[in-house]
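This report refers to the structure that appears directly beneath it.
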Amino acid sequence: MRLILLIFSVFLIGFQSLAQSNHDILYLPEGPKEVKVKEIGQSNIKYTYPDEEVVYSINKFLVSKVEFKSGRVENFKSPLKPVYNLADAKDVYLTFNPDEVTGLYNLGNLFSKATGVTTLSSINNVNNRALEKLKYEAAMMGANAVYIGNQYQRGNQYGNEYTPGNSTQTSYSGMAFSNKKLNLDGIEELLKTQQLTSFQKVVLKRNGWSPKTFDKPSFTDSGESIALNIEKITRSEDAIFVTIPSLRAKSNQLKVISYKEDSITLMERDDNGITNYLLLTENHPFFKK
């Protein structure tokens, strides 16, 4: 019996040695990748492919862990959290470091401005309001990270009998990013197979203080949901747009910015602001009561 256990132990150790990779392994959203890690920096990881010399770099926010060929494992915790709609705006990550958004999906530029009511307005309060609006707009674009490229701040300017005063003002401009690429096949399948019901409309005006929410439920007098009619689905290389006449949107095409099994969020955007339309699917708990 002891001989059998000894043979089994030797076999198991040998098997584990063979199974262990001769390379380091990066764990990415799309799966593990065998590499040779050259350097782990503050914002990125530099590596080469096996038997190659060209050095590549990847954002640390995209790596969950590194398993070195020695067997040691180093875990990384990304500050990027899932953002589906306005309710998740607080989770949008703001950064002034361009390295922290390298390799993320660029969703476009954004701008935020806040102005005090009087020349006695608090500079900090106005600044915080501008940052909050930046997060609102990012969330309504489907982004969970913002790189701030420019900041402008004006203090309170007190006037006199000849010159009017100006209250404090802060503005930010930057780019919106996401670490998640939308599953366009999944979105298209949902649009074609699920009955969608209008639930909520959210509007953020460029010069407004904060988003305004309008409940837009579509039900008959007997309580049955009214399905939206999708007139057209347009798919590009990296996005899906839909045309739904009954929503009475300004734009003929609304961009899908996020979706879950029970809901989908559409966006329209122009120089005056940004609007989201939250639609519920048949899988939403509301319809399963």
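Quick note: numbers below take in every heavy atom, side chains included, and nothing from hydrogens, waters or symmetry partners. Here the structure is a predicted model, which means the values were calculated and not measured.
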_Taking side-chain contact (heavy atoms from CB on, under 4.5 Å) as the definition, give me every residue that meets it alongside P32, ordered by chain and number, with sequence neighbours left out._
I25, Y27

*asked:* List the residues meeting side-chain contact (heavy atoms from CB on, under 4.5 Å) with N44, not counting sequence neighbours, and say none if there are none.
replied: K46, S57

*Looking at side-chain heavy atoms only, is the closest gap between S263 and L278 below 4.5 Å?*
yes

*Closest contact, heavy atoms only, H23 versus P50*: NE2-CB, 3.4 Å

*Where do V92 and A138 come nearest, in terms of heavy atoms and distance?*
CG1-CB, 3.9 Å

*What's the shortest heavy-atom distance between A176 and L110, and which atoms?*
N-CD2, 3.5 Å

_Going by the rule side-chain contact (heavy atoms from CB on, under 4.5 Å), which residues pair with Y152 if we only count those two or more places apart in sequence or in a different chain?_
R154, Q169, S171

*Run the side chain to side chain contact (heavy atoms under 4.5 Å, CB included) check on L191 and I240 step by step: do they pass?*
CA-CA 10 Å; L191 291 171; I240 287 183; 3.9 Å; yes

*Are side-chain heavy atoms of N127 and Q151 found at a separation under 4.5 Å?*
yes

*Rounded to the nearest 0.5 Å, how far apart are CG of L28 and OG of S64?*
7.5 Å

*Using a cut-off of 6.0 Å, state whether more than 12 heavy atoms not belonging to F241 lie near its atom CZ.*
yes

*Between the side chain of Q194 and the main-chain N/O of E282, is any donor-acceptor distance below 3.5 Å?*
yes

*Please report the C-alpha distance between L104 and Y147 in whole Å, then the side-chain angles of each, then the deciding distance to 0.1 Å, and finally whether the side chain to side chain contact (heavy atoms under 4.5 Å, CB included) criterion is met.*
CA-CA 11 Å; L104 304 185; Y147 164 61; over 6 Å; no

_Within a 6.0 Å radius of atom CG on N75, are there more than 12 heavy atoms belonging to other residues, nucleotides or ligands?_
yes

*asked:* The criterion is side-chain contact (heavy atoms from CB on, under 4.5 Å); which residues satisfy it with N106, sequence neighbours excluded?
replied: M175, F177

*Going only through I, L, V, M, F, W and Y residues with side-chain contacts under 4.5 Å, is there a path from L266 to L228?*
yes

*Considering all heavy atoms of both residues, which atom of A249 and which atom of L254 are nearest to each other, and what is their separation?*
CB-CD2, 3.8 Å

_Trace of the side chain to side chain contact (heavy atoms under 4.5 Å, CB included) decision for S246 with N229_ = CA-CA 7 Å; S246 59; N229 178 39; 5.8 Å; no

*CD/Q195 to CD1/I230 distance, rounded to the nearest 0.5 angstrom?*
10.5 Å

_Any residue meeting ring pair (Phe, Tyr, Trp, His ring centres under 6.0 Å) with Y49, in chain and number order, not counting sequence neighbours_ = Y47, Y56

_According to side-chain hydrogen bond (donor to acceptor under 3.5 Å, both in side chains), who are the partners of Y277, at least two apart in sequence or on a separate chain?_
E268

_By the salt bridge (Lys or Arg N to Asp or Glu O under 4.0 Å) test, which pairs, at least two apart or in different chains, include something from residues 226-252?_
D185-R235, E188-R235

Using residues 129-136 as the side-chain source, report each donor-acceptor pair under 3.5 Å to any protein atom, sequence neighbours left out, with the distance given to one decimal.
residue: R129; atom: NH2; partner: T115; partner atom: O; Å: 2.8
residue: K133; atom: NZ; partner: K113; partner atom: O; Å: 2.8
residue: K133; atom: NZ; partner: R206; partner atom: O; Å: 3.1
residue: K133; atom: NZ; partner: G208; partner atom: O; Å: 2.7

*In Å, rounded to the nearest 0.5 Å, how long is the span from CG of D270 to OG1 of T275?*
7.0 Å

_Gap between atom NZ of K36 and atom CG of D51 - 0.5 Å precision_ = 10.0 Å

*Any side-chain heavy atom of F214 sitting closer than 4.5 Å to one from V203?*
yes

_Quick check: closest heavy atoms across P98 and F96, and the distance to 0.1 Å?_
CD-O, 3.4 Å

_Side chain proximity check, I257 to N85, heavy atoms < 4.5 angstrom_ = no

_Nearest non-hydrogen partners of A143 and V83, listed with the distance_ = O-CG1, 3.5 Å

*Indicate yes or no for a side-chain donor-acceptor contact from N150 to the backbone of S173 under 3.5 Å, with no hydrogens or angles considered.*
no

*State which residues pass side-chain hydrogen bond (donor to acceptor under 3.5 Å, both in side chains) with Q153; sequence neighbours excluded, sorted by chain then number.*
T170

_Just to verify, what does R269 make a salt bridge (charged side-chain N to carboxylate O under 4.0 Å, His left out) with, not counting sequence neighbours?_
E137

*asked:* For N144, give me all partners under side-chain hydrogen bond (donor to acceptor under 3.5 Å, both in side chains), at least two apart in sequence or on another chain.
replied: N179

*Sub-3.5 Å donor-acceptor pair from the side chain of N156 to the main-chain atoms of S121, do we have one?*
yes

*Heavy atoms of other groups near E261 CD, more than 12 under 6.0 Å*: no

*Answer whether the closest heavy-atom distance between the side chains of D88 and K81 falls below 4.5 Å.*
no

_Within-4.5 Å side-chain heavy-atom neighbours: I40 and F76_ = yes

*Neighbour count above 12 (heavy atom, 6.0 Å) for Q42 CD*: no

*Can you list the steps and then say if M267 with M141 is a side chain to side chain contact (heavy atoms under 4.5 Å, CB included)?*
CA-CA 7 Å; M267 176 195 76; M141 294 172 65; 4.1 Å; yes

*Are V202 and L280 co-members of a hydrophobic cluster defined by side-chain heavy atoms under 4.5 Å apart?*
no

*Treat each ILVMFWY residue as a node, draw an edge where side-chain heavy atoms are under 4.5 Å apart, and state whether I58 and V55 are in one component.*
no

*With the 4.5 Å side-chain cut-off for hydrophobic clustering, are V37 and V73 part of the same group?*
no

*Same cluster or not: are L190 and L182 linked, directly or through other Ile, Leu, Val, Met, Phe, Trp or Tyr residues, by side-chain heavy atoms under 4.5 angstrom apart?*
yes

*asked:* Does anything in residues 89-102 form a side chain to side chain donor-acceptor pair (under 3.5 Å)? List the pairs, not counting sequence neighbours.
replied: S43-N97, Y93-E100, T95-E100

*asked:* To the closest 0.5 Å, what do you measure between NZ (K212) and NZ (K201)?
replied: 12.0 Å

*First locate atom CG of L279, then atom OH of Y259, and finally report the distance between them rounded to the nearest 0.5 Å.*
15.0 Å

